[in-house]
Amino acid sequence: MVGVPELPEVESVRRQLLPRLAGRAIRAVDAVPQARFSGLSRAAGTTITDLRRRGKYLLADLDTGQDALELVAHLGMTGAFRFRDEEGWEPDAYVRATLVLDDGVLDFRDVRRFGRLSVVDAGDYADIATLAALGPEPLSPAFTPEGLHAALAASRQPVKAQLLSQRPVAGVGNIYADEALWSARINPRSRRVGPERAARLWAALREVLAAAIDREGTTFRDYQMVNGQSGRYATHLAAYGQAGRPCRRCGAPLRAITVGGRGTTYCPACQRQ
DNA sequence: AGATCGGCCTGGACGC
DNA sequence: TGCGTCCAGGCCGATC
């Protein structure tokens, strides 16, 4: 998959990998010697019983016969899994880790090295701070308008920075943060979001993410097509990467700013402070 | 303790 | 053409 993986993209990866990984025994794991690949040798000799997702993290449950372990994977920006028998796939210099399974070989390819793989005791995320403090899944009953309001009220960071922190809700990255804030008509720099606006943002996040899951993620290729004025996903991004274009709601030109160190596009007319 | 900022890493876009 | 510079992105750790 091409793309900057956010929740919808990671969910798509999970669905593709699950049938090929469930029940497979891991013979060995190899990785480049970096801290971002830790504890992987513990996976050797285990069996994968399930592949779950929390936010942008993939969690493979490993059965050792005794203690339960978890293989935690984050794709970063450019991480991707490839089976060695995949059509057209030849391992290249960007393969950072390899899992030898009982029926094949799975490569982890990651050009920009932002991805991470680690094996931990099941549920022990002490060394993975973002996962340990991860907010509720946006499409689960645990995510509520009231809960979102309370989470946002607990911090004075700009609302967009809060969304990117993964704490109020899991899995939202730069693309869907801009899209949801635009949809909810909330200024990304707002430091106070009241109950009504929180409820709008709650609904917008769920709509934006559910729609993206339905079409298996907005890929970077699609984004390029958007800027190339063509492509079947051209109408899906209302804000992200659309600076200078007229707002779809009010016609004012969308503006590019920086919030929390991240490029941000919003409508200065209908997303007022 | 919470907010903020730089670093990580690389290819691609851009300017000269 | 080819070089240099800047940017993007999620997360982490250092600093304010």
Side-chain angles (χ1 to χ4, degrees), chain A residues 1-11 13 31-39 53-59 72-81 92-97 108-118 120 125-135 138 150-181 188-193 205 209 212 217-229 237 239-244 256-266:
Chain A
M1 158 167 310
V2 181
V4 178
E6 297 190 26
L7 184 153
E9 289 78 9
V10 178
E11 176 61 20
V13 171
V32 298
Q34 285 189 310
R36 57 198 324 109
F37 301 103
S38 67
R53 180 192 55 72
R54 276 285 282 133
K56 304 173 197 174
Y57 292 87
L58 287 169
L59 309 172
V72 179
H74 195 295
L75 302 177
M77 284 189 63
T78 55
F81 287 101
D92 59 18
Y94 301 119
V95 171
R96 314 299 183 190
F108 180 70
R109 182 178 191 262
D110 186 14
V111 172
R112 297 195 183 175
R113 300 177 188 263
F114 278 26
R116 289 167 182 273
L117 298 179
S118 57
V120 301
Y125 306 138
D127 292 333
I128 311 171
T130 302
L131 180 55
L134 198 63
L152 294 176
S155 164
R156 289 282 83 88
Q157 282 189 85
V159 60
K160 175 162 177 186
Q162 289 204 61
L163 291 177
L164 296 182
S165 79
Q166 308 299 302
R167 290 221 278 238
V169 60
V172 177
N174 211 28
I175 295 175
Y176 299 119
D178 277 8
E179 293 299 299
L181 289 168
R189 285 184 166 146
S190 293
R191 290 176 190 270
R192 292 176 192 276
V193 174
L205 284 163
L209 293 169
T218 305
T219 70
F220 187 66
R221 184 190 299 152
D222 301 330
Y223 162 52
Q224 288 182 315
M225 285 198 291
V226 169
N227 285 347
Q229 285 91 39
L237 295 176
Y240 180 82
Q242 308 296 311
I257 60 174
T258 297
V259 181
R262 290 288 161 254
T264 298
T265 305
Y266 78 112

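Numbers restart at 1 for each chain; the letters A, B, ... are given by sequence-line order, proteins then strands.
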What is the distance, rounded to the nearest whole Å, between atom CZ of A:Arg109 and atom P of B:dC9?
17 Å

Tell me whether the OP1 or OP2 atom of B:dC9 has a side-chain N or O from A:Thr78 closer than 4.0 Å.
no

Testing A:Leu164, A:Asp178, A:Ile257 one by one against A:Arg262 for a side-chain contact (heavy atoms from CB on, under 4.5 Å), which residue passes?
A:Leu164

Between the two end axes of the helix from B:dG2-C:dC16 to B:dC16-C:dG2, each built from 5 base pairs, what angle do you get to the nearest 10°?
50°

With A:Arg36 via side chain to side chain donor-acceptor pair (under 3.5 Å) - residues at least two apart:
none

Would a distance-only check, ignoring hydrogens and angles, find a side-chain to backbone donor-acceptor pair under 3.5 Å from A:Arg191 to A:Arg156?
yes

Is there a side-chain contact between A:Lys160 and A:Asn174 in this structure, where contact means two heavy atoms from C-beta onward sitting under 4.5 Å apart?
yes

Quick one: is A:Arg113 getting a side-chain N or O under 4.0 Å of the B:dT10 phosphate, OP1 or OP2?
yes

Student check: side-chain heavy atoms of A:Val259 and A:Tyr266 closer than 4.5 Å
no

Per-nucleotide protein contact string for nucleotides 7-13 of chain C (B base, S sugar-phosphate only, - none; heavy atom under 4.0 Å):
-BBBBS-

Round to a whole Å and report the spacing from CG of A:Asp92 to C1' of B:dG11.
14 Å

Given 3.5 Å as the limit, does a donor-acceptor pair link the side chain of A:Arg96 with the main chain of A:Gly79, or not?
no

Decide yes or no for A:Val159 and A:Leu181: does some side-chain heavy atom of the first lie under 4.5 Å from some side-chain heavy atom of the second?
yes

How long is the line joining CZ of A:Phe108 and C1' of B:dC9, in whole Å?
13 Å

Using a 4.0 Å heavy-atom cut-off, does A:Arg191 contact any base of the nucleic acid, only the sugar-phosphate backbone, or nothing at all?
sugar-phosphate

Would you call A:Asp127 and A:Tyr125 a side-chain contact if the rule is heavy atoms closer than 4.5 Å?
no

